[in-house]
Number of protein chains: 2
Amino acid sequence: MNSAANALQQTDDSAETGAQQIRDAIRDAIVERRLSPGTKLSESDVGNLFNVSRTLARAALQALSYEGLVSVEKNRGAFVAYPSPDEARQIFAARRLIEPGILREAAARITPSEIQHLKQLLLEESRLISERGQTARRAEIKASGDFHLTLASISGNTIMQRFMDELVARSSLVIALYGQSTISSCGHSEHGDIVGAIERKDLDHACHLMVHHIAHIEADLDLRERKGQGLKEAFDL
Amino acid sequence: MNSAANALQQTDDSAETGAQQIRDAIRDAIVERRLSPGTKLSESDVGNLFNVSRTLARAALQALSYEGLVSVEKNRGAFVAYPSPDEARQIFAARRLIEPGILREAAARITPSEIQHLKQLLLEESRLISERGQTARRAEIKASGDFHLTLASISGNTIMQRFMDELVARSSLVIALYGQSTISSCGHSEHGDIVGAIERKDLDHACHLMVHHIAHIEADLDLRERKGQGLKEAFDL
DNA sequence: ACGCAAAATATCGTATACAATTTAGCCGTA
DNA sequence: TACGGCTAAATTGTATACGATATTTTGCGT
């Protein structure tokens with residue numbers, strides 16, 4: 001068993017809905033960075049880990065490839081996606097393009113109880129930041145994304161919600177690859193500022209904050225071409 | 001063989017890339033409205049039509065479900081998607097949210113040769129409008145969407161391009177279901193206006209035109225809940 | 001003649017089996 | 001020793017087989 005095994009061993013039982021279960025488990029593992037970019041996910045290994053046939057494993061991997069989280073190469077296998085710097089830029093460009101619009105929609109229809117929910121998310125987030133340990137780090141990564149996803153869900157547009165699901169998940173991969181500061185959620189306070197602006201119904205300011213927030217995350221990346229990955233250039237410098 | 005058979009018989013040979021080929025063939029059939037919303041696509045039938053096993057047929061249908069073009073119901077089968085009025089609204093809300101941003105990106109990096117390409121698309125489009133016959137109608141539907149997709153491709157963001165692929169395809173379904181005027185591309189001249197604004201580097205005006213263009217398409221829809229679908233209510237009036 | 005229950009049919013869900021392709025190791029030769 | 005081709009192992013691509021679930025039909029009783 002390769003390194004992927006350790007990262008996945010936790011939800012091997014329960015085949016409730018079939019392939020979806022497996023897909024979700026692997027996606028969580030990728031988003032929480034228990035699986036590193038480039039890791040090979042062979043159909044047999046995945047199937048064995050979850051005690052299902054290759055058929056279901058294949059279906060799950062296929063699904064993840066549609067979300068851009070794994071790349072399947074014909075006759076070679078599936079790998080946890082290894083986004084190039086250019087892909088990374090496109091992901092964040094897409095978020096800058098989309099999220100202000102989502103924010104406007106969400107702010108227009110947000111209810112008091114939903115505002116409360118958002119604030120609770122912020123609390124949970126800061127609690128995790130103060131905590132130490134790897135599981136807290138992972139939970140923090142997920143919580144940071146959940147803020148953006150919750151906003152999308154409040155917007156009421158399930159299509160945009162799905163797009164955001166994909167973008168947030170892929171962002172996690174990009175940060176894992178190119179992030180510099182130990183914690184990507186340095187901009188936690190920015191989440192709070194955005195909620196504040198929403199509460200005051202200051203949409204323009206909220207959008208402004210959102211765009212800058214995304215820019216800050218992107219600014220923390222070192223997007224220089226890394227030919228690493230086993231290329232000869234790794235030995236030149 | 002059911003009604004789906006006739007609509008698909010054209011690319012049954014050549015199994016080049018496997019499931020992708022089938023997926024694309026079915027998608028084209030849906031987008032060009034040779035397959036009506038609600039049509040049943042059983043795995044066996046699809047497999048037989050393309051002379052492949054159910055495995056590949058299933059993979060293709062699964063892929064289409066991720067794009068929202070077919071809905072698979074557990075233990076019942078796959079059907080060409082039948083978007084509800086609410087889904088339809090969400091699709092167009094998403095387009096209004098996304099396309100102005102894409103347009104800005106595209107206009108910023110567009111080259112003279114790409115402008116030429118766009119103009120050629122417009123010419124082709126008006127040629128098809130003047131022509132008569134069902135094949136011309138189908139080509140016209142596709143050409144109308146191609147305008148928006150070309151803009152997305154010019155924007156250089158492959159992720160947004162994929163989102164637009166999905167939205168345009170699903171729009172075709174919505175128009176097939178709820179469109180009123182015989183031809184949905186009544187707004188062909190609006191495409192030309194947008195290109196004109198891009199050429200003059202008047203981004204704000206171009207975005208303005210784009211938003212209204214999308215609104216016009218949506219305005220041509222009758223999004224009242226239709227319980228029809230073969231229900232007894234069809235005979236009451 | 002109508003309605004309900006049970007069998008028959010059709011279709012999907014999953015597993016297993018075989019074919020094709022790639023990758024890695026091995027050996028012979030220059 | 002270095003190189004090239006060949007064989008064998010591993011992995012994916014596709015097909016078939018079997019079991020589960022939903023739908024339709026049939027037949028019986030009222």
Side-chain angles (χ1 to χ4, degrees), chain A residues 1-5 8 11-26 35 38-66 69-82 229-232, chain B residues 1-5 8 11-26 35 38-66 69-82 229-232:
Chain A
M1 280 215 201
N2 55 28
S3 64
L8 284 172
T11 46
D12 46 4
D13 52 26
S14 81
E16 231 181 81
T17 334
Q20 304 226 126
Q21 209 85 12
I22 300 171
R23 167 173 65 75
D24 292 343
I26 299 181
L35 281 174
T39 304
K40 168 143 194 174
L41 301 171
S42 98
E43 297 177 355
S44 321
D45 288 353
V46 172
N48 290 340
L49 268 174
F50 292 94
N51 293 104
V52 296
S53 77
R54 258 185 59 216
T55 306
L56 290 190
R58 184 184 180 83
L61 292 172
Q62 205 66 25
L64 289 167
S65 93
Y66 293 128
L69 290 183
V70 319
S71 70
V72 300
E73 300 177 25
K74 184 177 168 123
N75 275 315
R76 278 192 29 88
F79 305 83
V80 178
Y82 196 103
Q229 202 172 357
L231 210 54
K232 52 201 167 192
Chain B
M1 279 215 200
N2 54 29
S3 65
L8 284 172
T11 45
D12 48 3
D13 55 24
S14 82
E16 230 182 86
T17 333
Q20 305 228 124
Q21 208 85 12
I22 300 171
R23 167 174 64 76
D24 292 344
I26 298 181
L35 281 173
T39 305
K40 170 147 195 173
L41 300 171
S42 98
E43 298 178 354
S44 320
D45 288 354
V46 172
N48 290 339
L49 267 176
F50 291 94
N51 292 105
V52 297
S53 77
R54 258 185 60 217
T55 306
L56 290 191
R58 184 186 180 81
L61 292 172
Q62 205 67 25
L64 288 166
S65 95
Y66 293 127
L69 290 183
V70 320
S71 71
V72 300
E73 300 177 26
K74 181 173 170 128
N75 276 317
R76 274 190 33 84
F79 305 83
V80 178
Y82 196 103
Q229 200 173 357
L231 214 53
K232 52 202 167 192

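Below, read A as the first sequence line, B as the second, and so on, with proteins coming before strands; counting in each chain starts at 1.
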Both B/Leu61 and A/Thr55 contact DNA chain C. Which one's nearest nucleotide lies toward the 5' end?
B/Leu61
Could you list the protein-to-nucleotides 20-23 of chain D atom pairs, N/O on both sides, closer than 3.5 Å?
residue, atom, partner, partner atom, Å
D/dT23, OP1, B/Arg76, NH1, 2.7

Do A/Phe50 and A/Asp45 come within less than 4.5 Å of each other through their side chains, counting heavy atoms only?
no
If we only count heavy atoms from C-beta on, is the A/Ile22 to A/Val52 side-chain gap below 4.5 Å?
yes
Side chain to side chain contact (heavy atoms under 4.5 Å, CB included) with B/Ala63: which residues, sequence neighbours excluded?
A/Tyr66, B/Arg23
Side chain of B/Ser42 only, heavy atoms from C-beta on: which candidate in C/dC12, D/dT14, C/dT16 is closest?
C/dC12
Out of C/dT14, D/dA15, D/dT12, which has the shortest distance to the side chain of A/Arg54?
D/dT12
Locate the shortest heavy-atom distance separating [X] from [Y]; write the atom from each residue and the value.
X       : Y       : value
A/Lys40 : A/Arg76 : NZ-O, 2.9 Å
B/Ala19 : B/Ala60 : O-CB, 3.9 Å
B/Val70 : B/Leu61 : CG2-O, 3.5 Å

Atom NZ of A/Lys40 and atom C1' of C/dT23 are separated, to the nearest Å, by 9 Å
To the nearest angstrom, how far is B/Asn48 atom CG from C/dC12 atom P?
11 Å
Just N and O in the side chain of B/Arg58: are any of them under 4.0 Å from OP1 or OP2 of C/dG13?
yes
